[in-house]
2 protein chains.
Amino acid sequence: MPRQRPVPPPISRDDFEAVRDQFIAAWGQMGPAWGVSRTMAEVFALLFITSEPLNTDQVMGRLRISRGNASMSLRSLVEWGLVARVHRRGDRKEYFQAESDVWALSRKVIRERLRREIHPLLTTLHEVRDRTHQPIGLVRFTPSSDVHETDRPVTQSELDAHNRRLDDMLELIQTIDRLAERFVGAEGKGLRVAASLLSKLV
Amino acid sequence: MPRQRPVPPPISRDDFEAVRDQFIAAWGQMGPAWGVSRTMAEVFALLFITSEPLNTDQVMGRLRISRGNASMSLRSLVEWGLVARVHRRGDRKEYFQAESDVWALSRKVIRERLRREIHPLLTTLHEVRDRTHQPIGLVRFTPSSDVHETDRPVTQSELDAHNRRLDDMLELIQTIDRLAERFVGAEGKGLRVAASLLSKLV
DNA sequence: CAGACATTTCAGAAAGTTCTGAAAGTTTTG
DNA sequence: CAAAACTTTCAGAACTTTCTGAAATGTCTG
């Protein structure tokens, strides 16, 4: 009986690419739910799961997207700090490499979202509060006899209810903000610390 | 000189509505960045900042949106658990009221996002892992002479790098998941606890 | 149980976003 | 410094999401 023939590896190139595809597709689907375009999420996933840096043409080819789209997506990822530009000796092309430390990734995402979304929101909420938290009784108003239902003045209790809700929301967002800032600022494995800490308590 | 007449509050109805508008607009802008439509975010903001329950026509009128849109948005908000249907004696219309406890709101949002986004993602990531974590060293491979670059087998080091990144990502998502589950499950002011706890540590 | 009132659904329209491809711009090389 | 190599930009096309309005469905009331 002849010796067993050499057996091909358990994972073919095609299978491996198919696995990567599944990973990439999973991120792509998440994208829109988190306010990022599908393609941007896919480009990130591709760079993350591929350990080697890739150039624009490789990204274009792998994901079947246009040069313009690839360029834009890569630029955004670099702006978010999730991907770095890499230069290779003797190669004029630019290569892109995903941050591989998932904790660093988390911190960068949180930092950017704070900067782009939470902080502007806080600014606006403070502005809103200032418009109704003005000292009361300073301004006079003499109602004319024909005040309609729709332009009757705002009652104190309406104002109180409004201010209570506004303040609650402000406090919430501020708490989230402080918590996130702390995580972002923390050296090293911030979330890990947070996690172990919380698990001890509850 | 006649005695000073009773003084109404310093904020006119119009100003009050303008303040609410600013609040609503701020949320509306956040919406898309968090994977929710602008209108849905606005409807929620309106209901939240208005203490009284509103009916569909009031929402339509206030935000200038169609009946269909209002109906759909309200339904989604009810599905997310952020808004409750309220019935009033002697009124056949349905009223909608936002959850007013911001901590309860947070918990509901987190619970839903876990269910809709994180858990499916975890499932897929596990599937992906199972496709490359098969036992190694069991199978042999002898390359034939004419293997092309594109269909050369996947090397062990490629596989290792892939698995390392995949596992890191999985661990991250799982940590986030556990942390969030804990917060969601916690009675009462979960985030507040988290916040004070973290602030003590770092 | 008929009519009035209220809500939901959904096809098509409108609005918004993402993508392409080619032209313009930039950098490198010989 | 001209040509080649590479990257960025952006107008319009393609696609996706959101919205409208009217019809269908559901519910209440006398």
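All figures in this text were calculated on a predicted structure; none of them were measured in a lab. Chain letters run A, B, ... following the sequence lines, proteins first, then strands; residues in each count from 1.
Taking only side-chain nitrogens and oxygens, Thr39(B) comes nearer than 4.0 Å to OP1 or OP2 of dC19(D). Phosphate contact (OP1/OP2 of dC6(D), side-chain N/O of Arg85(A), threshold under 4.0 Å): absent.
For the pair Arg75(B) and Trp80(B), the NZ or CZ position fails the cation-pi test of under 6.0 Å to the six-membered ring centre and within 45 degrees of the ring normal. Taking the ring axis of Trp34(A) as reference, the NZ or CZ atom of Arg113(B) stays within 45° of it and closer than 6.0 Å to the ring centre.
Taking atom NZ on Lys93(B) and atom C1' on dC28(D), their separation rounds to 13 Å, with Å as the unit. Atom C1' of nucleotide dT27(D) and atom CD of Glu94(B) are separated by 11 Å, given to the nearest angstrom.
Within 4.0 Å (heavy atoms only), Ser37(A) reaches sugar-phosphate atoms of the nucleic acid but no base atom.
The distance from the OG1 atom of Thr50(A) to the CZ atom of Arg62(A) is 7.0 Å, given to the nearest 0.5 Å. Here CG of Leu122(A) is found 9.0 Å from CG of Leu114(A). Values are rounded to the nearest 0.5 Å.
Using a distance-only test at 3.5 Å, with no hydrogens or angles considered, a donor-acceptor pair links the side chain of Thr123(B) to the main chain of His119(B). Checking side-chain atoms of Gln58(B) against main-chain N and O of Asn55(B) turns up a donor-acceptor pair under 3.5 Å.
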(request) Show the numbers, then the answer: is there a ring-ring contact (aromatic ring centres under 6.0 Å, His included) between His162(B) and Phe16(A)? (result) CA-CA 10 Å; His162(B) 172 94; Phe16(A) 191 52; 5.1 Å; yes
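Distances from the side chain of Arg92(B) to the nucleotides dT27(D), dT8(D), dC19(D) place dT27(D) closest.
DNA chain D is contacted by both Met72(A) and Met40(B); Met72(A) maps to the nucleotide lying nearer its 5′ end (nearest heavy atom per residue).
First and last contacts of DNA chain C with chain B, using any nucleotide atom under 4.0 Å from a protein heavy atom and ordered 5' to 3', fall at dA4(C) to dC10(C).
One finds no salt bridge joining Lys108(A) and Glu112(A) here, because no Lys/Arg side-chain nitrogen approaches an Asp/Glu carboxylate oxygen to under 4.0 Å.
For DNA chain C, the residues of residues 48-69 of chain B within the heavy-atom distance limit of 4.0 Å (strictly under) are Arg67(B), Gly68(B), sorted by number.
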